[in-house]
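Reminder, nothing fancy here: chain letters follow the sequence lines and each chain counts from 1. Heavy-atom basis, side chains included; hydrogens, waters and symmetry copies ignored.
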Amino acid sequence: MFTLKRTHTCGALRASDAGQTVNLNGWVEAVRDQGSVAFLVLRDRYGQTQVVFRKDFDEALLKRAQSLRAEFVVAVRGVVKARAAEAMRKEQPTGEIEVEAKQLEILNEAAVPPFEVSEHVQVSDETRLKYRYLDLRRKPMQRNMITRHKVLAAFRESMDRQGFLDLDTPVLIKNTPGGARNFLVPSRLWEGQFFALAESPQIFKQLFQVAGMDRYFQVCKCFRDEDLRADRQPEFTQFDLEMSFVDESDVQAAVEDAVANVFKKVLGVELKRPFPKMTYAEAMDKYGSDKPDIRFGLHLVDVSELARTSSFRVFSEAVAGGGIVKGLCVPGGGGMSRKEIDDLTTLVKGVGAKGLVWLKGEGGTLGGSSAKNFKPEELAAIREKMGAKDGDILFFVADEKGRCKVALGGLRTHLGAKLKLIKEGTWEPFWVVEFPMFEEGPEGKPQAKHHVFTSPKPEDLDLLEKEPLKVRARAYDLVLNGVELGGGSIRIHRKDVQRRVLAVIGLDESNIREKFGFMLDAFDYGAPPHGGIALGVDRFVMLLLGLDTIRDVIPYPKTQKGQCLMQNAPSGVIQRQLDELHIRLKQPPQETKM
RNA sequence: GGGGGCGUAGCUCAAUUGGCUAGAGCAUCGGAUUGUCGAUCCGAAGGUUGCGGGUUCGACCCCCGUCGCCCUCGCCA
């Protein structure tokens, strides 16, 4: 029986509705039983409304209300009443009214839930994921999902306004080398052959440009069979776009419009545009990260020149060996305990540095256990260079160039959080540009830093074969609050350049033919200059909500080991399915009941 | 594949050096209650201490193995 279909949601009624007869549907949040009067709090996605049952009004109805339990699904018919002044709850949206019940339908009973469906209760991730549908019923998760929707809506609105076409691309695609490990899907029709789940729509969106679609976008699932992190899931969502006849500034302007629209619609925040830019080299030099959090200072300072001639051999030998010495100055950090410093040393070593040298500003010079290794005039020069004052603490790492920056960058990020240097509630998106095309892979072989379709800067083309590691790419990353929101590039649109780049990463002609032949063929038929970008939706929503894991903004996420605890996936299959797929397991199949 | 943290009642946690009947809050169940709103009060029930093995007179605690969750390095163009 379901006759009392709702006339209002549980968040709708106000004092101005007093006197109306209404129907409400929802879940039982609580029954506060006072004996001769009982209050039922009814909940749905839109809010909560209090329903009153009284003995002197309808004793039988009160009895039934008292039998309700948490999470029962009910329908109520009643009259909206303004509450007495002393019963008003101004802090609740529906706090000025209540509904006096006339009829009650129990639409469904509910078992006692494994945890309270409440925003106050703390539950382990494990339990939450197993009963995700109950977790999602909790207010914070409903808020997260609603925000997620708003982000997507604002993004799509901007894309539509700018003339982008929402086109979809296949999920089942060809397995291609490089980049993330693919999930493989065996083919029933083609024995021994496999599809891959798309790790991104990259090639297809570029071919849309060859096809003359001009402006394409998609909110798109991507799949990567790599290990998980708090901000990484095997299945995640990207805002993806690609456009023709453009350079970097056009793509950036298009994305900025979308990102700014999201901030405006979701947070009511107006972002300053255009977003500032920082070169990769500057990001690494000043922050020791390619996605620095610029909401606080603590810049890295290079003291290699002072270190070169230093009497402290850790410094001078590092420079002599081709390394560098950099430091950062923590204003007022002089009170840090030995234990705290030791913990920081452990942290820095964990990122690969050999150690951490520290000095404290005191008595107009620098002190601390390492100070004895320096001459007084060296200490003065370091103090000067670092801009240190009495009461500050200085940290130094002497190491190979890359390791030094990354280690100190890690220390900087850690200190920013630990010392609460971050201005919360501020949003400073910016572009990191001029990435190197390649980085050194295993065995010193160059590999693409972004991806193999990224265009080199024209002025660096000559270096492609001679000094590939010096070639800069027409790539850009969008960084916000220390999180890489996404990245993109202007693509190669000429076959000859594409061939050269593929050759640099070590693909020979037959390999190129086999893996990317169709792409190069397409470029034979008139590929326009084009470029694009992809943003991580889950990370974006996480940032906007101030959360620290994307699991809380993904409706049905996987665990750290990549399982779905609700479905118990992955799971075994029956022999017949394997036979159809022409697959023989090394171990006999673990059959699951189906 | 490596490092770290955790696993005790439905949920979140406690239990001194290995020692008394493994406790608390919330939830649940029963009772009381005519203005509650994270209701309150009284009472009750609730345990394979993840699982398997070992050491010991005695194990939540120590050892070995195993399973699961989380963080992290590698990995993620």
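Side-chain atoms of A:Arg69 stay outside donor-acceptor range of the base of B:C29, with no qualifying N/O pair under 3.5 Å. Between the side chain of A:Gln50 and the base of B:U36, at least one donor-acceptor pair of N or O atoms lies under 3.5 Å.
Considering A:Met141, A:Glu71, A:Glu29 in turn, A:Glu71 is the only one that fulfils the side-chain contact (heavy atoms from CB on, under 4.5 Å) rule with A:Val117.
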Query raised in the report: Could you write nucleotides 71-76 of chain B as a row of B, S and -, 5' to 3', where a protein heavy atom under 4.0 Å of any base atom gives B, of only sugar-phosphate atoms gives S, and otherwise -?
Result: SBBBBB
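With both pairing distances under 3.5 Å, B:C6 is matched to B:G68 as a Watson-Crick or G-U wobble pair. Across all strands shown, B:U21 remains unpaired; no Watson-Crick or G-U wobble contact has both distances below 3.5 Å. Under the Watson-Crick and G-U wobble criteria, each requiring two contacts below 3.5 Å, nucleotide B:U40 is paired to B:A32. Across all strands shown, B:G58 forms no Watson-Crick or G-U wobble pair with both key distances under 3.5 Å.
Residue A:Ser200 is in base contact, counting any heavy-atom pair closer than 4.0 Å across all strands shown. Counting non-hydrogen atoms under 4.0 angstrom, A:Glu86 reaches nothing in the nucleic acid.
Stacking between A:Phe39 and B:U36 is shown: the ring centroid lies under 5.5 Å from the centre of the six-membered base ring, and the planes differ by under 30°.
Summary of the strand contacts: A:Leu565 and A:Glu116 both lie near RNA chain B, and taking for each the nucleotide with the nearest heavy atom, the more 5' one is attributed to A:Glu116.
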